[in-house]
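What follows is a set of notes on a single structure, which appears directly below.
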Amino acid sequence: MTIDKDYQELRDMAAKFADKEVGPLAAQIDLDCSIPASLIEKLKEMGFFGIFIPEEFGGAGLDYTSYAIIMEELSRGCASTGVLISAHNSLCNYPILTFGTDEQKKKYLPKLASGEHLGCFCLSEPNAGSDAGSLTTFAEDKGDHFEISGTKNFITNGREANIAVLFAKTEKTKDYKGMSAFIIETDWEGFNVQKCEDKLGIKGSSTAQISLEKVKVPKENILGTAGKGFRIGLETLDGGRIGIASQALGIGEAAFRYAKKYASERIQFGKPISDLQAIQFMLADMSTKLAASKLLILHASQLKDEGVNYSKESAQAKLFASEAAMWITTKAIQVCGGAGYCKEYPVERHFRDAKITEIYEGTSEIQRLVIAHSELSS
Ligand code: CAA
């Protein structure tokens, strides 16, 4: 599998941006638990808020492979910045672009593409995480509008988002078949951020609990067909998982590069520790896991770009890349020893940031379920 010249140029551009504008801020973003407005402005200028939105709606009009490459490089610089862009693009822009009416696309995509509006995805609830189909948020049909009430949990970008793609039951007695998707403007009355989680990692990215109290939603804001919300959610997550796999790859790459540099500078027993096979073997395994992650991500994103079913492949990419990132960041601390464990150096942050990639947008166990179901049904 080869990466053609256009992709290489895109990677060089994203890498340069990550090295110059993002990476140097990452430690402070982790400490402050927020991303500075100046960086958000630069992300807008780069077109990163509308990566695969077509140019007619103000986006960059790139494909999903480009999106994966940008996500990897941004996350190598800062995992919190990476997930802000990932949740916005793949969990909000994508479903509106794919399932929205012409009117919805015209109304919502331009501001999402420019970054004037930030997006989020409200699926999970206190009692509906992996079992997404069991959610209880209810959208009551009031004739000319819906009235939505419920609670949403662990919403990335939830603190700042202007637009939410939100899932609710429109038929209480049905299982996932009674679920529908909606486009919600977060300044509508009754939509409230209840709290933001204090987390282990990706501390610059907000993770909010949101309450909905009789939020009045116009009929025209239903996304796709009523009753098809579960499908819309899962199809959206198929794409999102490529973004999270790329985030994991970027985090792993950052930890690997630091460990490699540290090993060649750290002198013990009269020579750099990179001369020791014990260290070399760890570096070799890190490098191999990164290469394998990259190929799995490229495979999944190319299938998506070709319009071929890629659920299994995106689950494989996310499963492998996230577990690889956790392994690599753990070994990076080991290579760096005491320095790896201290906040003065970046690898402990990479280790903390890596963990979430095994959890959000479907845990590793859910990815295994998706892969097994696909294998057993083919
Ligand atoms: N795309 C489209 N439709 C799909 C699908 C897919 N990838 N996978 C399944 N479906 C459809 C099936 O075809 C079936 O439809 P029909 O009844 O019409 O045939 C329907 O969905 C139900 O399928 P299953 O019986 O397989 O569903 P299930 O209840 O067993 O659950 C699951 C499947 C894979 C476990 C799913 O619930 C799942 O992915 N759960 C994890 C949810 C998740 O990733 N949550 C993360 C939340 S987002 C987030 O992290 C927040 C953030 O801000 C980052």
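Whatever order the structure lists them in is the order used to number ligands and atoms, beginning at 1. Side chains are part of it too, since the values below use all heavy atoms of this structure and drop only hydrogens, waters and symmetry mates. Index from 1, following the sequence.
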Check: Is Ile356 linked to Phe320 within one hydrophobic cluster, defined over Ile, Leu, Val, Met, Phe, Trp and Tyr using a side-chain heavy-atom separation of less than 4.5 Å?
Finding: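 No, Ile356 does not connect to Phe320 through the hydrophobic network.
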Note to self: Yes or no: does Ser124 have any heavy atom under 4.0 Å from an atom of ligand 1?
What the structure shows: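 Per 4.0 Å heavy-atom rule, Ser124 contacts ligand 1.
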Next item on the list: Mark the output for Gly133 as yes if a heavy-atom distance to ligand 1 is under 4.0 Å, and as no if none is.
Entry: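 Gly133: no contact with ligand 1 (<4.0 Å).
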Residue [X] vicinity, atoms of ligand 1 by number, heavy atom under 4.0 Å:
X	result
Lys177	17 (O)
Ser311	7 (N)
Leu237	43 (C), 44 (O), 48 (S)
Arg241	39 (O), 41 (C), 43 (C), 44 (O)
Asp238	1 (N), 6 (C), 7 (N)
Val370	34 (C)
Glu235	1 (N)

Any chance the side chains of [X] and [Y] put a donor and an acceptor closer than 3.5 Å?
X	Y	result
Thr65	Ser301	yes
Ser206	Glu160	yes
Tyr67	Ser86	yes
Asp63	Tyr7	yes
Ser180	Thr170	yes

Which of these, [options], has its nearest heavy atom closest to [atom]?
atom	options	result
atom 28 (P) of ligand 1	Tyr360, Phe154, Phe230, Tyr310	Phe230
atom 15 (O) of ligand 1	Lys318, Lys312, Glu365, Arg231	Arg231
atom 45 (N) of ligand 1	Gly129, Ser130, Ala208, Gly240	Gly129

Next item on the list: Tell me which part of Val83 gets within contact of ligand 1: side chain, backbone, both or neither, using heavy atoms under 4.0 Å.
Entry: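 No part of Val83 is near ligand 1 at this cut-off.
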Notebook entry, point to check: How far apart are the C-alpha atoms of Glu125 and Asn153, what are their side-chain angles, what is the distance that settles it, and do they pass the side-chain hydrogen bond (donor to acceptor under 3.5 Å, both in side chains) test?
Noted result: CA-CA 5 Å; Glu125 298 185 358; Asn153 252 21; over 6 Å; no
Item checked: Sub-6.0 Å ring centroid separation between Phe154 and Tyr360 ->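 Distance test on ring centres: not under 6.0 Å, no.
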Checklist line | Sub-6.0 Å ring centroid separation between Phe17 and Phe48 | finding: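 Yes.
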Check: atom 3 (N) of ligand 1: protein heavy atom closer than 4.0 Å?
Finding: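 Within 4.0 Å of atom 3 (N) of ligand 1, protein heavy atoms are found.
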Margin query: With the threshold set strictly below 4.0 angstrom, can you tell me whether any protein non-hydrogen atom sits that near atom 25 (O) of ligand 1?
Written below: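 No, because not a single protein heavy atom sits under 4.0 Å from atom 25 (O) of ligand 1.
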Considering only protein heavy atoms, which is closest to [atom], and at what distance to one decimal place?
atom	result
atom 8 (N) of ligand 1	Leu234 CD1, 3.4 Å
atom 53 (O) of ligand 1	Thr156 OG1, 3.0 Å
atom 35 (C) of ligand 1	Ile366 CD1, 3.8 Å

Counting only nitrogen or oxygen atoms and a 3.5 angstrom limit, does [X] reach ligand 1?
X	answer
His373	no
Tyr176	yes
Gly362	yes

Item checked: Selection residues 205-231 - residue pairs positive for salt bridge (Lys or Arg N to Asp or Glu O under 4.0 Å), sequence neighbours left out ->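 Listed once each, the pairs are Asp141-Lys219.
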Notebook entry, point to check: Is the side chain of Lys172 donor-acceptor paired with the backbone N or O of Gly178 at a distance under 3.5 Å, no angle test?
Noted result: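 No; zero donor-acceptor contacts below 3.5 Å.
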Next item on the list: Just jot down the ring pair (Phe, Tyr, Trp, His ring centres under 6.0 Å) partners of Tyr176, sequence neighbours excluded, or say none.
Entry: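 Testing Tyr176 for ring pair (Phe, Tyr, Trp, His ring centres under 6.0 Å), a comparison that skips the adjacent residues, returns Phe230.
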